[in-house]
Every structure is written in C-alpha cells, then in structure tokens.
Amino acid sequence: MRDRRGEEARQRKQHKEFRIAEPGLQSDERARLRELLEKLAAVLPAADNASPLSESDLAEAATALWRARRKLAGVEDRTARQAGRFLSASQDALDAAGVLVQDHDRIPFGSGMALEVLLFQDEPDLDVERVVETVRPSIYLTGRRIQMGQVIVGRPAARGNGETDA
C-alpha cells in the first residue's frame, strides 16, 4: 500500500478544483474490497500457468474433426448419425471460439488463391479450372489464416483432335 502522506502531498500539488476526493468507503466496505482483491490475485496466477494452445495444435484438431465429419457424411447408420451429432456440436464450439474451417471442394480455382495445389489433373467434363478435392482445409482463427488448404485442381481436358473452342 502507498504511503497516505505521499498521496495527500500529491493531491495538494494540484489546484483545488482538480483534486480527487478520497473515496467514501466505510471500514467494512474496505475490508470487503481487500477480500475480493485477494481472491482475484489468487485466481490470476493460476490462469497464467495454463499452457497456451498452439495454433498448429488447433489447426490439427480442426482438420481431424473436418475429416471425421466428411467420412460420416454419407453413412446412414444410427451410430454414425449419433457420432455426426457429436462432431457437429464440436464444430459449433470451434465456430463460437472463432475457428473457421473452409472446405474448397467444387470452387473455381484461380492462380492467385492462397491454396497449396498438390496436383493438377485433366477432367473432361470441366470448362474451367476447379477444385475437385480438398485434401486439407484452410483454417482461420478470428479471421487470420493458421493453416493453408491443400487441394487437387481439375482442369479442362485438351481436345483429342487438337481443336479448342473459340
């Protein structure tokens, strides 16, 4: 605690209009305030000792969740539906924490996109380059990318006779 005389001297340096009045707390209110401050001080160091979750660990967990949800997407088994609900609840919790998992399947691909292309493959039914498979999703934490997505891009197959559309 600060020396009371020092605080009074500091207040006297100021013009009377700018002096701060001493709080009008009673002795029981001051004791309660001290008690609350002690409780707060006891809780704060405990929170500081907790190990922080690294972004790479968070991205790995979100990717594993994404893969599990994709595997269960087409399954109509009762157990799979129940597991899917648990996975959806986990995804909702991540969404609430500011974690966005972005799947890139079927989006048009441009060379300036922030994606790691693992493979370009010819696809005869495509008219523009398009992501045909997301191998690893992009992960964002409060709007900042913590994991770059990995994709396979399909491109229009060349015509067999060498002609192209005009």
Side-chain angles (χ1 to χ4, degrees), residues 1-2 18 20 23 32-166:
M1 290 284 175
R2 292 182 180 166
F18 297 106
I20 299 171
R32 176 73 177 140
L33 184 58
R34 276 192 213 99
E35 178 184 323
L36 291 173
L37 286 173
E38 288 171 5
K39 285 182 181 179
L40 181 62
V43 171
L44 288 178
D48 291 341
N49 292 338
S51 62
L53 181 64
S54 73
E55 290 178 352
S56 62
D57 291 341
L58 181 61
E60 188 176 327
T63 300
L65 174 66
W66 172 81
R67 285 188 176 132
R69 289 188 74 190
R70 284 180 63 136
K71 280 201 182 268
L72 291 176
V75 181
E76 291 299 322
D77 182 300
R78 179 176 179 243
T79 306
R81 283 194 310 267
Q82 185 178 20
R85 286 192 295 271
F86 291 133
L87 293 173
S88 291
S90 299
Q91 184 62 55
D92 292 344
L94 285 176
D95 291 345
V99 177
L100 172 69
V101 179
Q102 185 179 14
D103 190 321
H104 304 286
D105 284 355
R106 296 174 295 283
I107 65 168
F109 178 76
S111 61
M113 295 178 80
L115 292 172
E116 183 180 347
V117 179
L118 300 177
L119 178 69
F120 283 97
Q121 66 185 26
D122 291 337
E123 294 285 332
D125 57 334
L126 292 179
D127 55 348
V128 295
E129 288 184 340
R130 189 173 295 280
V131 175
V132 292
E133 183 181 347
T134 302
V135 177
R136 186 176 76 185
S138 295
I139 309 286
Y140 298 88
L141 177 60
T142 60
R144 188 173 48 83
R145 188 181 69 218
I146 61 173
Q147 175 176 286
M148 183 181 287
Q150 293 179 338
V151 295
I152 296 173
V153 175
R155 58 183 173 201
R159 304 253 184 224
N161 59 6
E163 295 179 10
T164 58
D165 290 337

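As the structure is a computational prediction, the values presented were derived from the model and not from experiment.
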Quiz item: What are the two closest heavy atoms between Gln91 and Val101, and how far apart are they?
Solution: NE2-CG2, 3.9 Å

Quiz item: After noting the C-alpha distance and the side-chain angles of Val128 and Phe109, does the key distance pass the side chain to side chain contact (heavy atoms under 4.5 Å, CB included) rule?
Solution: CA-CA 8 Å; Val128 295; Phe109 178 76; over 6 Å; no

Self-check item: Trace of the salt bridge (Lys or Arg N to Asp or Glu O under 4.0 Å) decision for Glu35 with Lys39
Solution: CA-CA 6 Å; Glu35 178 184 323; Lys39 285 182 181 179; 3.7 Å; yes

Exercise. Decide yes or no for Gln150 and Leu115: does some side-chain heavy atom of the first lie under 4.5 Å from some side-chain heavy atom of the second?
Key: no

Exercise. To the nearest 0.5 angstrom, please state how far the OG atom of Ser54 sits from the CD1 atom of Ile146.
Key: 8.5 Å

Quiz prompt | Donor-acceptor contact present, side-chain Arg67 to main-chain Val135, <3.5 Å | solution = yes

Self-check item: Minimal non-hydrogen separation, Glu116 against Arg136, with atom names
Solution: OE1-NH2, 4.2 Å

Exercise. Measure the OG1-CD1 distance between Thr63 and Ile139 for me, rounded to the nearest 0.5 Å.
Key: 4.0 Å

Quiz item: Side-chain contact, heavy-atom cut-off 4.5 Å: Leu141 with Leu58?
Solution: yes

Self-check item: Main-chain N/O of Glu129 paired with Arg155 side-chain donor or acceptor, under 3.5 Å
Solution: no

Quiz prompt | Closest heavy-atom pair and its distance - Ala114, Arg145 | solution = CB-NH1, 3.0 Å

Quiz prompt | For Ala80 against Leu72, the heavy-atom pair lying closest together | solution = CB-CD2, 3.8 Å

Quiz prompt | Whether over 12 other heavy atoms sit under 6.0 Å from Gln121 CD | solution = yes

Quiz item: Can you find a pair of side-chain heavy atoms, one from Pro137 and one from Gln102, that are under 4.5 Å apart?
Solution: no

Practice problem: Quick one: pull up CG in Asp103 and CZ in Arg69 and give me the separation to the nearest 0.5 Å. | Solution: 10.5 Å

Quiz item: Considering all heavy atoms of both residues, which atom of Ala62 and which atom of Val99 are nearest to each other, and what is their separation?
Solution: CB-CG1, 4.4 Å

Quiz prompt | Interatomic distance, Met113 atom CE to Ile107 atom CD1 [nearest 0.5 angstrom] | solution = 3.5 Å

Quiz prompt | Beyond-backbone contact of Ile152 with Phe120, side-chain heavy atoms, under 4.5 angstrom | solution = no

Self-check item: Distance (rounded to the nearest 0.5 Å) between Arg85 CZ and Asp92 CG
Solution: 13.5 Å

Quiz prompt | Check: His104 main-chain N/O paired with Thr134 side-chain donor or acceptor under 3.5 Å | solution = yes

Exercise. Look only at the side chain of Arg81 and the backbone of Glu76, and say whether a donor-acceptor pair between them is shorter than 3.5 Å.
Key: yes

Exercise. Compute whether any side-chain donor of one residue and acceptor of the other, for Gln147 and Ser138, lie under 3.5 angstrom apart.
Key: no

Quiz prompt | Arg70 with Asp105: basic N within carboxylate O range, under 4.0 Å | solution = yes

Practice problem: Taking all non-hydrogen atoms of both residues into account, name the closest pair between Leu126 and Pro156 and its distance. | Solution: O-CB, 3.4 Å

Exercise. Evaluate salt bridge (Lys or Arg N to Asp or Glu O under 4.0 Å) for Glu55 paired with Arg144, printing each intermediate quantity in order.
Key: CA-CA 11 Å; Glu55 290 178 352; Arg144 188 173 48 83; 2.3 Å; yes

Quiz item: Hey, what do you get for CD (Gln82) to CZ (Arg78), rounding to the nearest 0.5 Å?
Solution: 6.5 Å

Quiz item: Do Leu65 and Leu94 have side-chain heavy atoms sitting under 4.5 Å apart?
Solution: yes

